[in-house]
There are 2 protein chains.
Amino acid sequence: MEAETTSITIHNVAKTAGVSISTVSRVVNNLGRVAPETRKKVENAIRRLDFHPNSRAQALSRKRNDTIGLIVPDFEGQYFAMLMEGAHEEAQANGINIMVLKAKGAESQIDVVKKVNSEGRTDGVILMLSELYDQVLEGIGNINGPLVILDKDVNLWRLDNILVDNRLGAFEAARHFIDVHGITNVFFVGGSEHNVDTTARARGFADALASIKIDANDKKFFGSNYSYDEGYRLAFEKISPLIKPNERYGIVSGNDDIACGIIDALMDKGVKVPQQVGVIGFDDSDIAIHRRLKLTTMRIPTKEIGRIAVRMILNRQSGQVSEPSKVVLKARLIVRDSCGCGKHDSQ
Amino acid sequence: MEAETTSITIHNVAKTAGVSISTVSRVVNNLGRVAPETRKKVENAIRRLDFHPNSRAQALSRKRNDTIGLIVPDFEGQYFAMLMEGAHEEAQANGINIMVLKAKGAESQIDVVKKVNSEGRTDGVILMLSELYDQVLEGIGNINGPLVILDKDVNLWRLDNILVDNRLGAFEAARHFIDVHGITNVFFVGGSEHNVDTTARARGFADALASIKIDANDKKFFGSNYSYDEGYRLAFEKISPLIKPNERYGIVSGNDDIACGIIDALMDKGVKVPQQVGVIGFDDSDIAIHRRLKLTTMRIPTKEIGRIAVRMILNRQSGQVSEPSKVVLKARLIVRDSCGCGKHDSQ
DNA sequence: ATATTTTATAAAAACGTTTTTACAAACAAA
DNA sequence: TTTGTTTGTAAAAACGTTTTTATAAAATAT
């Protein structure tokens, strides 16, 4: 009794059912007309033999993989998880798979996109772009397969593109302090000044102040990155000296990590948060609700981005849509406690 | 001037180089002997035409995809990200890809594993198992492709298996309070009593107490899940009444979320943490360092799990290893501040 | 010089599908 | 009856590789 290693193929089914392989194929794929009794014979054979079409042969013949490549710079933080969630949901609903790839630098991104595309390993690619995106887009050139660019505006390149309106998000965060809390002493604390997200958010912040005729120039602070420690440092060193006893303040943060650092630094300095100083984060990451003072924050619709990205690839693939499209999504204010809206009993 | 859509194949290369396709194949794959000048001709043609072997055709012919399936119940939390990190690292180093799949219930897991395997979409599968794992393993039966089971002990089933020694981890956490801090008033706060991780950790905790002749029965507390809020509730309602003014205590938590909830609840009750009550978490998730009081916690080597899982599949595939192996990894104590070891100046 | 072995390459078969083409049988129209 | 349509199915070609088999040329031995 030898181990049976060869899997059963369409030929076996055809033979068992007493028909040709093309008939089996037509039954499996619901193509063309098949006489009812023939269909039944084939279906019985399929069931009896437990036949599953070989996806590799299908891929070669159909010239597609039913697989989409998702290229991200890293797997850290919550962004990737949410993106994956959305992408997988839409993909699964359409019977296709997600291949996850990692590419960080410009060169690496170019390589991965080209490789995966030229080898036909995926039917389309979702690329989360790094900072140096002109360089990357130039390098990618005009690849033939569907390609969706996330998070960076690639206006000039006529590519499918999904963006978040960071400017508007920060604008609304600042306006929340102004409109709801009546606070006009607002600061912005971002990540690196070279980060496009930070600059867009800083712009929205400035726009909000401009809308009430206040100049934002001396109210923006930048760090070297998006970390808790950097937020702590900036608040400890730069912000806390500006806090006067009987004034109320609002701080718009570049992300939630920074916001948490800011809050802790101010508390350590004896400043009442959120009573005297309100803080609004950005991203609505996990940590926003894993603290005593729940973070008010701008939620990025990351899951939606993933979903739309897959949809775009599918549309492009089906040939229905021929023009590249750009989707701009809004961040949404999630009101919790750190802005001063909610409860803030103890300390 | 028509749009050139057909990609260039090995035939084009053969024709351009003036050789047969088999020669091109041998050059591409470094197989057999090829005369130096022939090789050069072929290599030139490849470069001139920018030829990339079609992975779909390769897959069909080689009967493999260079793709491993990673099946997880969800993409939440940090576990998935770290697993992905490790798996991708090892995969990339070996020129293979990761396809991410999601399957939550037992039925879904069975379906996905069987489907992906029978269709030949992956060369092997890494499965993060759900609670009902006997049912799943029974359903999967003896599939032919490589399969690695994560996190649950599948001793009876003779499958490749990677585990974390949760018992030992909790044992060491409890011993840290006993040995380093001289605290014997220790509690355990876990997730659901039906969760195998929780029960294993509770067992380790009890073993540690048994090692100093203390009965742990009235020192273990269980919640309905692994959440911050549940930790807060349990500490607020069950633990805090047990805290006597002049005694010191230690709490071993089922995970970091629970630990954070515990800390905040005790602080809200006016208990000094970590001065009077030390807390040790489990998992070393993001939130451990995104709080003022940095969490001491047992780090699960998740990245390592991902890496080893891929390696196991590769080994199995190459046929070198024929016997299923079980790898048990240790959790490691990451000492920070919440146990009482580090700094704890303010409040 | 002829026979034998080695080396380098070409030709053909295989991988398991889908898709196109061809062809009977059944039916309808003339 | 002949001719022309459908209709259902079979046969063959295609997808682009790898791998096996065959063969000519070169190198070595006799």
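Values reported hereafter were calculated over all heavy atoms of this structure, with side chains retained and with hydrogens, waters and symmetry mates removed. Letters A, B, ... mirror the listed sequences (proteins, then strands); counts begin at 1. Just so we're clear, the structure is a prediction, and the values are computed from it rather than from any experiment.
- The side chain to side chain donor-acceptor pair (under 3.5 Å) check on N117(A) picks up nothing, with sequence neighbours excluded.
- Under the side chain to side chain donor-acceptor pair (under 3.5 Å) criterion, D165(A) pairs with no residue at all, not counting sequence neighbours.
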For a quick check, with a 4.0 angstrom heavy-atom cut-off, what is the B/S/- contact string for nucleotides 5-18 of chain D, read 5' to 3'? --SSBBB---BBBB

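- Residue pairs meeting the ring pair (Phe, Tyr, Trp, His ring centres under 6.0 Å) criterion with at least one member in residues 90-112 of chain A: none, sequence neighbours excluded.
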Name every donor-acceptor pair, under 3.5 Å, that has one atom in a side chain of residues 34-41 of chain A and the other anywhere in the protein, sequence neighbours excluded.
unit_1, atom_1, unit_2, atom_2, d
R39(A), NH2, N30(A), OD1, 3.4

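- Residues satisfying the side-chain contact (heavy atoms from CB on, under 4.5 Å) test with A91(B), not counting sequence neighbours, are I96(B), I98(B), V310(B).
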